[in-house]
Amino acid sequence: MKLKGIPVSPGVAIGDAFVLKSEVVSVPAYRISESKVPQEVKKFFDAILSTKRELRKIQERVAEDLGGTYPEIFSAHLLFLDDPILVEGTVELIEKERWNAEKSFDIVVKKVLHSFSSIPDEYLRGRALDLKDVARRVLKNLLGKGEESLSDLKKKAIVISYDLSPSQTASLDRDRVLAFATDVGGRSSHTAIMARALAIPAVVGLGDISKKVKSGDLIIVDGNKGVVFVNPASETLKSYTRKKRRMVYLQKVLSHLKDLPAETLDGHRVKLMANIELPKEVENLASYGGEGVGLFRTEFLFLNREVLPSEDEQFEVYHYVASKVYPEPVVIRTLDLGGDKFASPLEIPKEINPFMGWRAIRFCLARKDIFLAQLKAILRAGKQGNVKLMYPMISSINELRQANHFLQEAKEILQKEGKDFSQDIEVGVMIETPSAAIISDFLAGEVAFFSVGTNDLIQYAMAADRGNEKIAHLYQPAHPAILRLLKHIIDTGHSIGIPVAMCGEMAGDIHYTQLLLGMGLDQLSMGPVAIPQVKQVIRSVTYKETKALVEKVLKCSTQEEVKKILEKANQPFLKFFRRDGK
């Protein structure tokens, strides 16, 4: 059985299933006498205090293990326990209706959850899951039952569940839990964020996997593709076993590259950098040989929150990342919400075609308050000396100038406030719309660097939604039109004297490494795990060979011709990367 879900944390795991049954807490319901009201109210407040202690203990563990902003997830949980609607509402039912504490609390929680369910918004659905997590803990404390813990697993397993709460995810024993897969969930949920921070492969939104699987079933979780296999066919198992073995072998074989430059045999050097989403990811950057951060996505700070992050909170995060990679650079991309990323506090409206709607720089230019706070935080972090700033989804010179106008305003405000900040921070743009590619000569005259975002550039140029499986065949990085666009962008940037980087998925795909190298890119930024393999390719070829390859490929009229040429050029490397040490 093969099930398709949402990939939320990368990696591949193979192991036996441990099905965590969704325990339904049986809520007793009975009336109490007036004399018992004070005792019942006290029982309720004792349960609230016990739950607070549990959550603070989890929060302390997360702060110790992960640091950064992850403990804030549980600050949001703790807020529920002080919410007047929940607390005072429960006490009122105990005192006026004379329901027992468990029943009173359950009634109030169900009313709040019902109000959440009537709003079709991923952010609020995430808050409903958080409330369910907190409510379950309170009810168990009222009933005198202990909270089940996944930290007590007796052997290594893949956890299968209807859902995992953030607190359950935080308690996972990383030595025993190989991966997890759930019926529900989304990429921006707190559980997904925790999984990525803990580096546990995970797939969510699988529908009813918890009903289709029993403990002991053999499971493959592919957190890269969002696929789960249940009792896989022998060929599938062999394929994934080889893939896992190959990953371990290559990691060992390529580990010696981490301190070596990404330099061709004839001395041409490029910079290999990392794309990161969470601050904690920078701590493992050196082990992969990353030379700084080429793309720091800042959206995580704005997702799954009751209130927007303050300027100071943002500054702390940006400063942390910059200090960890210093003296190597970190390129901070301003907020890129919209498309497939939403946050309710920002009131981004639901749109028919969100990828082409009110998102990224368009949203920031319309919400000056949010944009200025982020720009001020980045400028302050820039005092470290290695921070660069990058605007996403620029489509016109006017947008760039307007963004820079806000940047100047942010500097003036910081000056008046007497805060230290970078006066001459480098500013670049992502080239990810066809219009930006076409006017790249105009843009190049007003920025310090380009970074090509191939994920969006390809889907916009090909008019092919990259999330639509029905037209996946049209999303082609090797299409001649895409290659010509890339060559135009790179040549234009260089002709005006600015460096050109790439931070899209294409940058980390070894099938295109020689091609991108030959086109003249100065930097490639990718997921950290891809860096060693890309570096191996670069260090095994000459720059002259890659330029000849580009000349040949640019004469092709179809993607099939391009792929054929690239496959032949990549044959020695693909053969090497298929080795598994056996």
Side-chain angles (χ1 to χ4, degrees), residues 8-9 18 20-23 25 44-83 86-87 105 109 126-154 157 159 161-180 182 184-186 188-202 204 278-281 283 300-301 303-307 309 313 316-317 320:
V8 296
S9 186
F18 173 82
L20 182 69
K21 296 299 181 185
S22 297
E23 182 184 355
V25 180
F44 173 62
F45 280 112
D46 285 345
I48 292 288
L49 287 172
S50 295
T51 305
K52 283 183 177 180
R53 283 194 291 268
E54 287 174 6
L55 289 173
R56 286 188 182 118
K57 191 174 179 181
I58 293 170
Q59 190 176 43
E60 287 169 8
R61 176 179 171 179
V62 169
E64 184 179 337
D65 289 350
L66 300 176
T69 60
Y70 305 112
E72 293 302 313
I73 289 173
F74 300 98
S75 294
H77 284 209
L78 285 162
L79 286 174
F80 279 124
L81 298 173
D82 291 320
D83 190 310
L86 290 174
V87 178
F105 182 65
V109 167
R127 300 296 59 69
L129 292 173
D130 289 343
L131 175 55
K132 285 179 182 177
D133 185 18
V134 173
R136 189 187 72 252
R137 285 181 175 276
V138 173
L139 284 170
K140 288 201 165 192
N141 282 318
L142 280 168
L143 295 166
K145 294 182 178 181
E147 173 69 9
E148 73 273 21
S149 175
L150 284 168
S151 61
D152 299 328
L153 277 176
K154 298 294 184 287
V159 175
S161 177
Y162 172 78
D163 187 28
L164 281 178
S165 69
S167 60
Q168 287 174 316
T169 310
S171 70
L172 293 176
D173 182 340
R174 280 178 278 183
D175 293 329
R176 298 270 174 90
V177 177
L178 302 173
F180 70 77
T182 63
V184 299
S188 62
S189 69
H190 281 157
T191 300
I193 291 171
M194 290 298 300
R196 291 195 292 277
L198 293 165
I200 297 174
V204 302
L278 303 169
K280 197 72 177 176
E281 292 179 77
E283 296 192 1
F300 85 98
L301 274 165
L303 297 171
N304 294 296
R305 298 184 59 120
E306 303 293 338
V307 293
E313 183 183 341
E316 291 296 333
V317 172
Y320 170 81

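Values below: every heavy atom of this structure, side chains too, minus hydrogens, waters and symmetry copies. A quick note: this is a predicted structure, and the numbers were derived from the prediction, not measured.
In this view, Asp46 and Lys42 satisfy the salt bridge (Lys or Arg N to Asp or Glu O under 4.0 Å) rule, not counting sequence neighbours. Residues that satisfy the side chain to side chain contact (heavy atoms under 4.5 Å, CB included) test with Ala179, not counting sequence neighbours, are Ala13, Ile158, Pro201, Val221. With sequence neighbours excluded, the residues forming a side chain to side chain contact (heavy atoms under 4.5 Å, CB included) with Ser9 are Ala195, Arg196, Ala202, listed by chain and number. Arg53 meets the side chain to side chain donor-acceptor pair (under 3.5 Å) test with Ser50; sequence neighbours excluded. Scanning for salt bridge (Lys or Arg N to Asp or Glu O under 4.0 Å) contacts around Asp82 gives Lys52, with sequence neighbours left out. The side chain to side chain contact (heavy atoms under 4.5 Å, CB included) search around Leu86 returns Phe80, Asp83, Val108, Val109, Val112, Leu131, not counting sequence neighbours.
In this structure, CZ on Arg136 lies 11.0 Å from CG on Asn141, to the nearest 0.5 angstrom. How far CD of Gln59 is from CG of Leu78: 5.5 Å, rounded to the nearest 0.5 Å. Taking OG1 from Thr182 and CG from Leu20, the interatomic distance works out to 11.0 Å, rounded to the nearest 0.5 Å. Taken from CZ in Arg56 to OG1 in Thr51, the straight-line distance is 11.0 Å, to the nearest 0.5 Å.
Across every non-hydrogen atom of Tyr320 and Pro279, the tightest pair is CE2-O, 3.7 Å.
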The test is side chain to side chain contact (heavy atoms under 4.5 Å, CB included); show your working for Val138 and Leu81 and say whether it passes. CA-CA 9 Å; Val138 173; Leu81 298 173; 3.7 Å; yes

